[in-house]
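A note on names: the letters A, B, ... follow the listed sequences, proteins ahead of strands, and every chain is numbered from 1.
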There are 2 protein chains.
Amino acid sequence: MNKVSKTTVTSAVLEEFMRILIEGHVKPGDKIPTEQELVQMLGVGRSSVREVLSALELIGIIDRRVGDGTYISDNLNCKAFSLILTVVAQNTPVLFEARKVIEVGLAALAAEKATPADLQKLEGYIVQMKEHLDEQQTFIQIDLDFHLYIAEITGNVFLRNMMFPLTTFLNAWREKSARSKAAREMAIACHTNILEKFKAKDAVGASAAMFDHLQQIQEFFIKESDCENPLAQ
Amino acid sequence: MNKVSKTTVTSAVLEEFMRILIEGHVKPGDKIPTEQELVQMLGVGRSSVREVLSALELIGIIDRRVGDGTYISDNLNCKAFSLILTVVAQNTPVLFEARKVIEVGLAALAAEKATPADLQKLEGYIVQMKEHLDEQQTFIQIDLDFHLYIAEITGNVFLRNMMFPLTTFLNAWREKSARSKAAREMAIACHTNILEKFKAKDAVGASAAMFDHLQQIQEFFIKESDCENPLAQ
DNA sequence: TAATAGCTGATTGTCTGACAAATAACCGTA
DNA sequence: TACGGTTATTTGTCAGACAATCAGCTATTA
C-alpha cells in the first residue's frame with residue numbers, strides 16, 4: 001500500500017533505486033544491477049530505468065561502461081554542482097557571496113586540521129606564485145590550486161566537491177578580464193597572511209584572513225570587469 | 001577539431017542544451033522547446049533527448065507537465081542537493097562538518113543584512129520555542145525554522161537552497177533519537193545568543209555564536225545517539 | 001607453461017514506433 | 001458571459017531492434 005502513488009514511474013524507480021542504494025550499503029566503486037535486472041526487479045520498462053540511470057550519471061552519482069556495467073562513482077557529486085552553477089551562472093554576485101561564505105568556513109576548519117606537510121605544500125604554492133608573477137595564465141592556475149588545496153586539507157569530501165566547481169567557475173570567469181600586477185602581488189600577500197594563521201593554528205584568524213582576501217578579489221573583480229546586474233530570480 | 005570527441009550522444013545533447021539555455025538567456029518559468037522540436041533541432045532520437053531532460057528534471061533544473069510542456073524550474077537546484085545528500089548520507093559526520101562551515105558563514109552574512117523585521121521574526125521563533133518546550137516534535141520544527149530563516153535573510157538563493165536539504169536532513173536524522181529537555185533549553189539559550197549578535201550587527205560575534213551552537217548540537221548528537229563510524233570514501 | 005590472438009556473450013548506447021494520460025485551447029451552446 | 005465538451009498537443013511509458021564496446025574465456029603458439 002504505497003501512499004497516494006500519484007507519482008510517475010520514473011520517480012518511483014528513482015526512489016526504489018535510492019532505497020536499494022542505501023539499504024544495500026553500497027560503496028563507491030561497487031557494481032550495481034544491470035538494466036535488465038533492474039527492469040525485472042522493478043517491473044518497469046527499460047526506458048524508465050534508463051532515464052533514471054542517465055540522470056544519476058549526468059549528476060555524477062554513477063558511472064556506466066558499455067559492455068561492462070554500472071558502478072557507483074568514486075568521486076561523487078562534483079558534476080551536479082557544475083551543472084547547477086551553469087544555470088545560476090548568470091548571477092555571479094550570488095556565487096561570489098556563496099564562495100565567500102563557504103571558503104571562510106573552510107579556512108577555519110583547515111587551519112585546525114593542517115599537518116606540517118600541508119603547510120609545506122601551501123608554502124610551495126606561494127613560492128610558485130612569486131616565480132610566475134608575470135605569467136597571468138600560470139599565476140591564476142597556481143592561485144586556484146592554493147585555494148583548492150585548502151579544501152583538500154579539511155578532508156571533507158562534500159565540501160571539497162562543492163568548492164571545486166565553484167572556485168573553478170569563478171576563476172574561469174575572472175580569466176576573461178586581465179588582472180593587474182598589483183592585484184597579483186596583493187594575492188600573494190593575502191595567501192602568505194593566510195598561511196601564517198594556518199601555521200599558528202589560528203582558526204578565527206585564518207577565516208578572517210580568507211575573508212579579507214576574497215573581499216579584495218571581489219572588489220578587483222567588480223572594478224576591473226564590466227559586471228552586469230544580477231538577475232532577479 | 002574537437003579533442004578525441006569520444007563523447008556519447010546524450011552528453012553532446014546535454015552540452016548543446018545547456019548552451020542554448022545560457023545563450024538564450026532563459027529565465028526561471030520560461031517554456032523551452034518540446035521534445036519533438038529538440039529532436040529535430042539536435043538531430044537525435046527522442047530517447048536521447050528524454051534522458052537528458054529526465055536528468056535535468058531530476059536535479060530540479062526543469063519542470064515537465066504532461067499535455068503542457070517543459071519549463072525552467074523557478075526554485076532551482078534544491079533537489080540536486082537532496083539527491084546528493086541521500087548518497088553521502090551514510091557519512092553523517094561529514095555532513096555535520098559541512099553544515100557547520102556553511103551555516104557559520106551564513107550567520108555572519110545574515111548578521112550584516114538583517115532588517116528590523118527579520119530580527120522580530122527570529123525573536124518570534126524563540127518565543128515559540130519557549131512555549132513548546134515540552135513538545136519535542138513541534139520544538140524541533142521551530143528550531144529548524146529558525147535556522148532556515150537565517151539562510152533566508154541572506155537573500156542568497158544558492159546558499160539557501162543548499163542549506164535547506166542539509167539542515168532538514170540532519171534534523172530528520174536527529175529526530176530519531178529523543179533529545180533531553182536540557183538540550184532543548186540550551187538550544188533556546190544559543191538562539192537567543194545568536195539573535196543578540198544579530199541585533200548588534202556583529203558579524204564576527206554571530207558566526208562565533210553559531211559555531212558554539214552547532215558544536216553543542218554535534219556533541220549532544222554524538223552523545224545521545226549511536227553514531228556509526230564514517231565510511232572511508 | 002606462459003603469452004597472445006580471437007571469439008563470444010553480456011551490457012550499455014541509440015533509434016523507432018506505438019499507445020496512454022493529461023492538459024491547454026478552442027468551439028458551440030445555453 | 002459562462003459553462004461543458006471536443007480536439008490537438010505534449011509528456012509518460014513500453015517494446016523491439018540493432019550497434020558499439022568490453023570482460024572473460026578459449027585455443028593456438030612459442
Side-chain angles (χ1 to χ4, degrees), chain A residues 2-18 20-21 24 26 28-74 79 83, chain B residues 2-18 20-21 24 26 28-74 79 83:
Chain A
N2 291 333
K3 306 201 173 177
V4 189
S5 186
K6 172 58 203 70
T7 69
T8 63
V9 170
T10 310
S11 62
V13 168
L14 177 69
E15 278 180 32
E16 186 63 14
F17 184 80
M18 290 309 249
I20 293 176
L21 271 200
V26 290
D30 283 0
K31 192 168 185 174
I32 66 174
T34 67
E35 294 179 357
Q36 273 306 326
E37 286 169 339
L38 287 172
V39 164
Q40 292 175 345
M41 285 169 60
L42 305 174
V44 298
R46 191 180 164 211
S47 349
S48 303
V49 169
R50 277 192 62 80
E51 286 187 8
V52 170
L53 291 182
S54 298
L56 292 177
E57 181 178 36
L58 282 179
I59 70 181
I61 290 185
I62 61 176
D63 276 327
R64 295 197 282 183
R65 298 189 211 116
V66 179
D68 187 359
T70 305
Y71 300 82
I72 304 288
S73 174
D74 35 39
K79 279 195 211 164
L83 268 186
Chain B
N2 291 333
K3 309 203 172 178
V4 189
S5 185
K6 171 61 204 66
T7 69
T8 63
V9 170
T10 311
S11 62
V13 169
L14 178 69
E15 276 178 34
E16 184 63 14
F17 184 80
M18 291 308 254
I20 293 176
L21 271 200
V26 290
D30 282 0
K31 192 169 186 173
I32 66 175
T34 67
E35 294 179 358
Q36 273 307 326
E37 285 168 340
L38 287 172
V39 164
Q40 293 175 347
M41 286 169 61
L42 305 175
V44 297
R46 192 180 163 211
S47 8
S48 302
V49 169
R50 278 191 61 80
E51 287 186 7
V52 170
L53 291 181
S54 296
L56 293 177
E57 180 177 37
L58 219 50
I59 70 180
I61 289 184
I62 60 176
D63 277 326
R64 296 197 281 182
R65 294 198 275 274
V66 179
D68 187 359
T70 304
Y71 300 82
I72 303 289
S73 174
D74 36 37
K79 277 196 214 165
L83 264 188

How close or far is atom [atom2] of [N] from atom [atom1] of [X], stated in whole angstroms?
X	N	atom1	atom2	value
Leu53(B)	dT10(D)	CG	P	14 Å
Leu42(A)	dT13(D)	CG	P	13 Å
Asp68(B)	dT9(D)	CG	P	15 Å
Glu35(A)	dT13(D)	CD	C1'	16 Å
Asp63(B)	dT23(C)	CG	P	14 Å
Tyr71(A)	dT21(D)	OH	P	17 Å
Arg46(A)	dA17(D)	CZ	P	13 Å
Lys31(B)	dT11(D)	NZ	C1'	11 Å

Original post:
Mapping Thr70(B) and Gly43(A) to their closest nucleotides on DNA chain D, which lands nearer the 5' end?
Top reply: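 Nearest-nucleotide comparison on DNA chain D picks Thr70(B).
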Return no unless some side-chain N or O of [X] is found under 4.0 Å from OP1 or OP2 of [N].
X	N	result
Thr10(B)	dG13(C)	no
Arg64(A)	dT11(C)	no
Thr34(B)	dT9(D)	no

Can you find a heavy atom in the side chain of [X] that is under 4.5 Å from one in the side chain of [Y]?
X	Y	value
Ile61(A)	Ser73(A)	no
Val39(A)	Val44(A)	no
Thr34(A)	Thr70(A)	no
Arg64(B)	Ser54(B)	yes
Leu38(B)	Leu53(B)	yes

With a non-hydrogen cut-off below 4.0 angstrom, is [X] in contact with a base, only sugar-phosphate, or nothing?
X	answer
Ser47(A)	base
Arg65(A)	sugar-phosphate
Gly67(B)	base

Subject >> Selection from dA20(D), dG12(D), dC15(C) that lies nearest to any side-chain heavy atom of Val66(B) >> reply: dG12(D)
Original post:
Between dT11(D), dT14(C), dC14(D), which nucleotide has the shortest distance from any of its atoms to the side chain of Glu51(B)?
Top reply: dT14(C)
